[in-house]
Amino acid sequence: MEFSQYDVNNLMYITNRPPIVCVEGQGMWLTDHTGKRYLDYLQGWAVNCLGHSPQCIQDALVSQSKKLINPSPAFYNEPSIALATLLTDNSCFDRVFFANSGAEANEGAFKLARKWGRINKNAAGENRYEIITFDHSFHGRTIAAMSASGKAGWDTIYAPQVPGFLKAHLNDIASVEKLITDKTVGVMLEPVQGEAGVLPATREFMQALRALTKKHNILLIVDEVQTGMARCGEMFAYQLSGIEPDIMTLGKGIGGGVPLAAMLCREEIACFEAGDQGGTYNGNPLMTAVGIAVTEALLAPGFLQSVKDNGAYLGRELTKLSDKHGLAGERGEGLLRALKLGKDIGPQIVEKARDLQPFGLLLNSPRPDLLRFMPALNVTTEEIDQMIALLSGVLTDLGS
C-alpha cells in the first residue's frame, strides 16, 4: 500500500511525522508499510522496555482478555492487586494508584500532595499547596503537568498556568532552599531529566534534597515516568542515591507499550478519601496483567545487571564515537543516555539515519545539539554495535 492511500488528514495534527506508517515490530526492530525495517532506539520514547511485541506481553493480553477486561474500578480485580504487591515489595512504598499515562499519574501526585498539605497545615493553620519543581523539567502535557514543567515557553502556551509551582535549578540545593515558604508542601523532580537532554541529578543532590525536605516536613516526589522500571540500572532511579522518597510516579516502561501508569506513596501519605481520585480504566485487569508480565521480566535474576552492563557498554561506545568524530561526549544512567554533538545537527542526523538504506535507524534529538538513546532494556551488544556503526556513517556523511 502506498503512503498516499492512507488518509492521514483524518488524524488531528499534533506533530510533524515522516511519510511512513508503522505496521509491525519485533524486539529492537520496527517495520513500515513498505516493508522497510528500522533499528529502533526510540522504543516509543522509552515505553517498550522489552522491545516491540515481546512474547510475555502477547501472552498476558491473550490470557487475560479471555477472563476479564474491565469490571470497573468500583471492584477489586486480581491482576491489579498482584501488580501493586510486586511494586510495593520491590520499593520503599506502601500504596499504589494505577492510571493510564505518566501525566495522569503526575496529576494524581499533585492532588495527593495538596490533600496532604490540607491535613498537615503550616504553623498559621493554613493549607500548604506549593510544589517546587525544576527548570527544564518535563512532567506531561495536561495543564497542571505543563505548569509543573520547566520546559521553555510552556508558561505562556495555555496561560494562565495552574498556580503553585515554583522552579529551582537541578543540582543546586541552595536554589531549592530559598524557594521554601510556609506554603510549600513538596519538591518534585525527575532523577534524570530526559526531555531536557538526559541531565542526571547527582547522588549528592538527591541526598541533600531528601535531608532538606525532611527538615522542613515537606514531601519528596520523584517523577520516574521515564527513569523507572529498570531504565537506569536499578528498578527505580531513586535507588541509585540510597534515599526513600514519599511519592513516586511511573509510566512508559511499566506497561511495556500498553497504556499503564502508577502513583506510589508511603502509608502515612495515603490520605485520599472516597471520590478524591479515580478513573474509568484505571487499574483494569487487562493492562495490569501486562504490568505483571513486564515487572516479573525486569525482576528476573540477572536482568538488572544486564541493564547496567549494557548501559556501561553503550556509554563507552558513545564515548569512542564522540572521540572519533570530535563531538562533546556522552552522559546518562543505565540505558537512558545522550550523545552531546557540540553543534545543532541533531535533527539532520535523525532524518538522515531514518532514510538510510536498506534499513533505517530511529533516533531522537530532544535538543538540536544532542541525541537521546532509549533502547529496549534487553538490547544486545551486537545491536549496540550496529547502531554505532550506522550512526558513525551518518556523522561522516555530514562532515562530522
Side-chain angles (χ1 to χ4, degrees), residues 91-93 97 99 101-118 120 127-151 154-155 161-173 175-181 183-196 199-202 205-228 232 236-241 243-252 261-266 269-271 277:
S91 72
C92 65
F93 303 102
F97 169 77
S101 70
E104 188 184 350
N106 284 337
E107 289 278 345
F110 305 149
K111 289 172 65 176
L112 184 63
R114 288 188 171 188
K115 181 69 180 282
W116 186 83
R118 287 178 56 192
N120 296 273
N127 295 341
R128 295 190 288 159
Y129 62 91
E130 291 181 347
I131 299 174
I132 298 169
T133 58
F134 291 83
D135 292 335
H136 311 297
S137 61
F138 181 87
H139 299 293
R141 288 185 170 86
T142 61
I143 294 291
M146 290 180 73
S147 301
S149 299
K151 195 174 172 76
W154 276 26
D155 55 341
Q161 287 189 299
V162 175
F165 295 101
L166 295 80
K167 305 298 186 297
H169 309 301
L170 190 67
N171 293 325
D172 181 351
I173 196 67
S175 75
V176 180
E177 190 159 20
K178 74 179 182 181
L179 292 176
I180 295 175
T181 71
K183 299 291 195 301
T184 305
V185 71
V187 179
M188 181 177 190
L189 83 162
E190 305 155 272
V192 181
Q193 291 186 340
E195 290 294 314
L199 299 171
T202 66
F205 179 72
M206 292 291 285
Q207 291 165 3
L209 198 57
R210 177 69 283 192
L212 181 65
T213 52
K214 284 186 175 180
K215 173 184 175 182
H216 291 276
N217 190 31
I218 58 180
L219 304 176
L220 178 58
I221 308 166
V222 287
D223 175 345
E224 296 231 25
V225 170
Q226 187 165 146
T227 60
C232 293
F236 309 108
Y238 76 81
Q239 294 168 331
L240 294 168
S241 300
I243 63 165
E244 294 189 350
D246 300 298
I247 299 174
M248 175 175 71
T249 57
L250 299 172
K252 296 186 183 289
M263 177 188 66
L264 294 81
C265 71
R266 294 189 296 107
I269 313 302
C271 56
Q277 188 68 335

Non-hydrogen atoms of Lys167 and Ala148 that approach each other most closely: CE-O, 3.3 Å

Could you tell me the separation between the CD atom of Gln239 and the SG atom of Cys232, rounded to the nearest 0.5 Å? 11.0 Å

Listed by chain and number, what are the ring-ring contact (aromatic ring centres under 6.0 Å, His included) partners of Tyr238, not counting sequence neighbours? Phe93

Tightest non-hydrogen contact, residues Ile243 and Leu220, listed as CD1-CD2, 3.9 Å

Please name the pair of heavy atoms, one in Arg114 and one in Tyr129, separated by the smallest distance, quoted to 0.1 Å. NE-O, 3.3 Å

Sole residue of Thr133, Asp223, Leu209 in side-chain contact (heavy atoms from CB on, under 4.5 Å) with Leu189: Leu209

Taking the side chain as C-beta and beyond, is there a heavy-atom pair between Arg128 and Asn217 under 4.5 Å? yes

Pairwise distance CE(Met206) to CG(Asn171) - rounded to 0.5 angstrom: 9.5 Å

Looking only at heavy atoms, what is the nearest atom pair of Val162 and Ala144, with distance? CG2-CA, 3.8 Å

Closest heavy-atom contact between Met188 and Phe134? O-CD1, 3.4 Å

Between Ile247 and Ala109 the two heavy atoms that sit nearest each other are CG2-CB, 4.0 Å

Got a sec, which residues hit side-chain contact (heavy atoms from CB on, under 4.5 Å) with Glu177, two or more places apart in sequence or on another chain? Leu212, Lys215, His216

To the nearest 0.5 Å, tell me how far Phe138 CZ sits from Met146 CE. 8.5 Å

Could you give the distance from CG (Asn106) to CG (Leu250), rounded to the nearest 0.5 Å? 10.0 Å

